[in-house]
**Q** 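Okay, here's the structure, questions in a sec.
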Amino acid sequence: MDKTLRGLLATVLLALLIGGCAYQPGPTERLPDDPQALLEQASQQEGEQAAVSRLEAADILAQQDQRTQALEVALELDDAALDDADYQRWGLLLSRLGSEAEDTTAVLRATQDIDARDIDREAANTLRERRGRALAEIGEHLAAAQALLAVQRDTDATALNEGIWHSLSRLDGQQLAALADGAERLTEGWIELARLTRDAGSDIERLFSQIDAWRDRNPRHPAGREIPSDLLALRELRGREIRHVAVFLPESGPLASVAEAIREGLRTHHLNAVERNGGLRMSFFDSSLGDLELLYAEARDAGAQVAIGPLDKEQVSRLEERDRVPLPTLALNYGENDRNRADQLYQYGLSAEDEARQVARRAREDGHRRAAMLIPDNDWGRRVGQAFEATWQRNDGTITSRVAYAPSGSATESTRRALGGNPDMLFLLAVPSFARQVPPTLDYYDAAELPIYATSHLHEGRPQPLLDHDLDGVNFIDIPWQIPDAAVGGEEALPFQASYRQLREDADPSLFRLLAMGVDAYELALRLPQFRLLPDSELFGATGTLSVGNDGRLHRRLPWARFENGLPRPVLVTDFLNDGGLTDDAQRLEGTPLGSEPLVAPESGDGARQ
């Protein structure tokens, strides 16, 4: 070869070698096996390049079983900068890591933009399923059911039945109606199954007769092919239905009038339910003398299987100190001990403390952090106020002022004092005469837009638009029977409608909640075997959605309403996308479980129930 040509080639080769030794990876190239180097690289990048580098790092960390760090990296990257293919990878990775870590926030973040992206069908269904299960974890059961039903429509998978039924069985009447609106065949079948289950109540033979008929009509439905296990478990109760109930209520003494209202609710509902509960007997015993041993002995001699009562708080406290009660018992009050020790003792009442806790949770979920409290200056006010305050602070809220007012006095000065500390919401515990003074006083002090959250005690339970106009904008909770339009969309959708109409007709508004309590006590007593078998069971009752805590104490979940033009109106919960996802506005609510619309005041302008 010519020396000149040979020398030229040698020069070129040397230049290439030198250049190769000096070469460093460019900003768009990846280091596939070193997540820390990828994260360092991402810190020097922007936009899509940085997001992709972090995604690669998170993926490698997950493969190396460093899941906590992988989750942190995946959460921190800018998913909006990813193209559809990488977004799909990110969503599947983050939702899997979040599910494994029981981090519902991560799962919901990873699945919030499913419809806005071009994602493979299988991946989209995986993401929707994970979203549905995460929504169920935070109690957003309507959105959860919608998400899981969307997947089942596409896959026909019976493996989703348990999750769908778990959420579907926790929807109230209004939510079931919302789900039924425009529903296709699959969803209609599920809703029909849910409704017939509720209609059967505690009659297990009737329930399974209706389930068999439903399966005959829907042989190809996923639930027709594989009945949810919670429904099948109820077969164990066949032959164990309650046929005789003892009722312990005082016929004299300070609780006699309360007892009489509860007794009327029990008797009225018993007569209306006789076709459904044919052969059921109720025996009433006077608990005025306070001899619980004698009461139980008489009830057992009469053949009673369960007891309703006692009503007296002291008697209930004595019962919960035992290891066991002689009969499964639904007490009509809550004991004063720290915990209930007695096996088969359940406690139910119209607890104002329960309402205060629900108000605190809701206001906190709506993004409020600084609460002012306006409570009556008495033992009842202090007790209920403490329940609100403990729940509020447990959820990282701050109390700006705690004002105890004279129940018979004017609201002007106490309301002014409540505004100290710059609160972003007001908790109001008051009867109507005092409560009606508060919003106009806030307006006077240029605080009309301060959201007010209240318990049921400010609502008399009858339409009074002229009197209650001053409460416009106030958010409050109450039992479904008191606010049928707000709770379930109208009287025709109320639970136990026949008893409602009969009791409502001539009822004293001040006693109507106690009548409703009697109705629910009847239904709860018949379901005590079911609550023992399936502790997560719920009753959609006249006084709210009722569930049993670990200690046997019943908890009520009440519907929300807002005064508008002096009348209670529904508070809409969410706007849902077709696939069960939520609107962007709902997702952006600070501190809000996805699916909850915040309760905010519109821009326009001591008798205590225990």
Side-chain angles (χ1 to χ4, degrees), residues 352-460 467-478 560-563 566 591 598-610:
E353 290 94 329
D354 246 9
E355 294 188 24
R357 295 183 191 102
Q358 182 176 342
V359 170
R361 288 190 295 269
R362 179 69 206 224
R364 190 64 192 89
E365 288 166 1
D366 285 346
H368 302 299
R369 293 181 182 275
R370 301 171 57 79
M373 298 172 57
L374 199 51
I375 57 176
D377 188 12
N378 52 35
D379 289 341
W380 177 70
R382 283 186 286 277
R383 192 173 71 244
V384 179
Q386 286 169 0
F388 173 87
E389 185 172 350
T391 304
W392 185 257
Q393 293 178 335
R394 191 160 52 245
N395 286 276
D396 298 322
T398 299
I399 302 296
T400 60
S401 60
R402 189 185 300 98
V403 178
Y405 63 84
S408 59
S410 166
T412 304
E413 176 59 20
S414 55
T415 304
R416 183 193 66 77
R417 289 166 51 208
L419 293 174
N422 192 28
D424 60 15
M425 64 82 63
L426 173 66
F427 169 59
L428 177 61
L429 177 66
V431 296
S433 58
F434 187 91
R436 292 183 187 118
Q437 303 175 54
V438 174
T441 305
L442 289 175
D443 192 13
Y444 176 79
Y445 288 116
D446 296 323
E449 295 186 5
L450 183 69
I452 302 174
Y453 291 72
T455 61
S456 64
H457 305 85
L458 57 59
H459 181 220
E460 287 188 2
L467 278 175
D468 289 336
H469 180 75
D470 283 337
L471 290 172
D472 280 359
V474 174
N475 310 295
F476 71 101
I477 52 178
D478 207 340
W560 283 93
R562 176 183 295 137
F563 278 105
L599 300 171
V600 293
E603 293 184 359
S604 61
D606 149 77
R609 191 169 63 259
Q610 300 300 310

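Hydrogens, waters and symmetry mates play no part in the numbers below; they use all other heavy atoms, side chains included. Fair warning: this is a prediction, and the values are worked out from it, not measured in the lab.
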**Q** Between the main-chain N or O of Gly566 and the side-chain N or O of Asp472, is there a donor-acceptor pair closer than 3.5 Å?
**A** yes
**Q** Looking at every heavy atom in both Ala363 and Met425, which two are closest together, and how far apart are they?
**A** CB-CE, 3.6 Å
**Q** Can a donor-acceptor pair be found, under 3.5 Å and without considering hydrogens, that links the side chain of Asp443 to the backbone of Ala448?
**A** no
**Q** Would you name the heavy atoms of Ser414 and Phe434 that are closest together and state the gap between them?
**A** OG-CZ, 3.6 Å
**Q** Can Tyr453 and His368 be said to form a side-chain contact (heavy atoms from CB on, under 4.5 Å), step by step?
**A** CA-CA 11 Å; Tyr453 291 72; His368 302 299; 3.1 Å; yes
**Q** I'd like to know whether Arg361 forms a side-chain contact (heavy atoms from CB on, under 4.5 Å) with Thr391, so could you lay out the CA-CA distance, the side-chain angles of the two residues, the decisive distance to 0.1 Å, and finally the verdict.
**A** CA-CA 7 Å; Arg361 288 190 295 269; Thr391 304; 3.7 Å; yes
**Q** What are the two closest heavy atoms between Ala356 and Ala387, and how far apart are they?
**A** CB-CB, 4.3 Å
**Q** Fit a plane to each ring of Phe476 and Phe563, take the angle between them on a 0 to 90° scale, and name the class: parallel (under 30°), tilted (30 to 60°) or perpendicular (over 60°).
**A** parallel
**Q** Does Thr398 form a side-chain contact (heavy atoms from CB on, under 4.5 Å) with Arg369? I'd like the steps, not just the answer.
**A** CA-CA 6 Å; Thr398 299; Arg369 293 181 182 275; 5.9 Å; no
**Q** Starting at CZ of Arg402, measure out to CD1 of Ile375 and round the result to the nearest 0.5 Å.
**A** 7.5 Å
**Q** Can you measure from CG (Asp396) to CZ (Arg364) and round to the nearest 0.5 angstrom?
**A** 6.5 Å
**Q** Report the relative orientation of the aromatic rings in Phe388 and Phe427; use parallel for angles under 30°, tilted for 30 to 60°, perpendicular for over 60°.
**A** parallel
**Q** Pick from Gln386, Arg383, Gln358: which one makes a side-chain hydrogen bond (donor to acceptor under 3.5 Å, both in side chains) with Glu353?
**A** Arg383
**Q** Atom CD in Glu460, atom CG in Asp468: separation rounded to 0.5 Å?
**A** 7.0 Å
**Q** Can you tell me how far apart CG (Asp354) and OG1 (Thr455) are? Round to the nearest 0.5 Å.
**A** 12.0 Å
**Q** So do Trp380 and Leu429 actually touch side chain to side chain, heavy atoms under 4.5 Å?
**A** yes
**Q** Return yes if some donor-acceptor pair links the side-chain N/O of Ser456 with the main-chain N/O of Asp478 below 3.5 Å, else return no.
**A** no
**Q** Main chain of Tyr405, side chain of Asp377: is a donor-acceptor contact present, judged purely on distance under 3.5 Å?
**A** no
**Q** Could you tell me which non-hydrogen atom of Ala372 sits nearest to which non-hydrogen atom of Ser401, and how far apart they are?
**A** CB-OG, 3.4 Å
**Q** How many angstroms lie between atom OG1 of Thr441 and atom CD of Glu413, to the nearest 0.5 angstrom?
**A** 10.5 Å
**Q** Does Arg370 reach the main-chain N or O of Asn422 with its side chain, forming a donor-acceptor pair under 3.5 Å?
**A** yes
**Q** So, applying side chain to side chain contact (heavy atoms under 4.5 Å, CB included) with Leu426, which one of Val474, Val403, Leu450 is it?
**A** Leu450
**Q** Tell me the closest heavy-atom pair linking Pro407 and Asn378, and the distance in Å.
**A** CG-ND2, 4.0 Å
**Q** Counting only heavy atoms not in Tyr445, do more than 12 fall under 6.0 Å of its OH?
**A** yes
**Q** Grab the two heavy atoms, one from Ala454 and one from Val359, that are nearest each other, plus how far apart they are.
**A** O-CG2, 3.7 Å
**Q** Mind checking the CG-CG spacing from Leu419 to Leu442? Nearest 0.5 Å is all I need.
**A** 5.5 Å
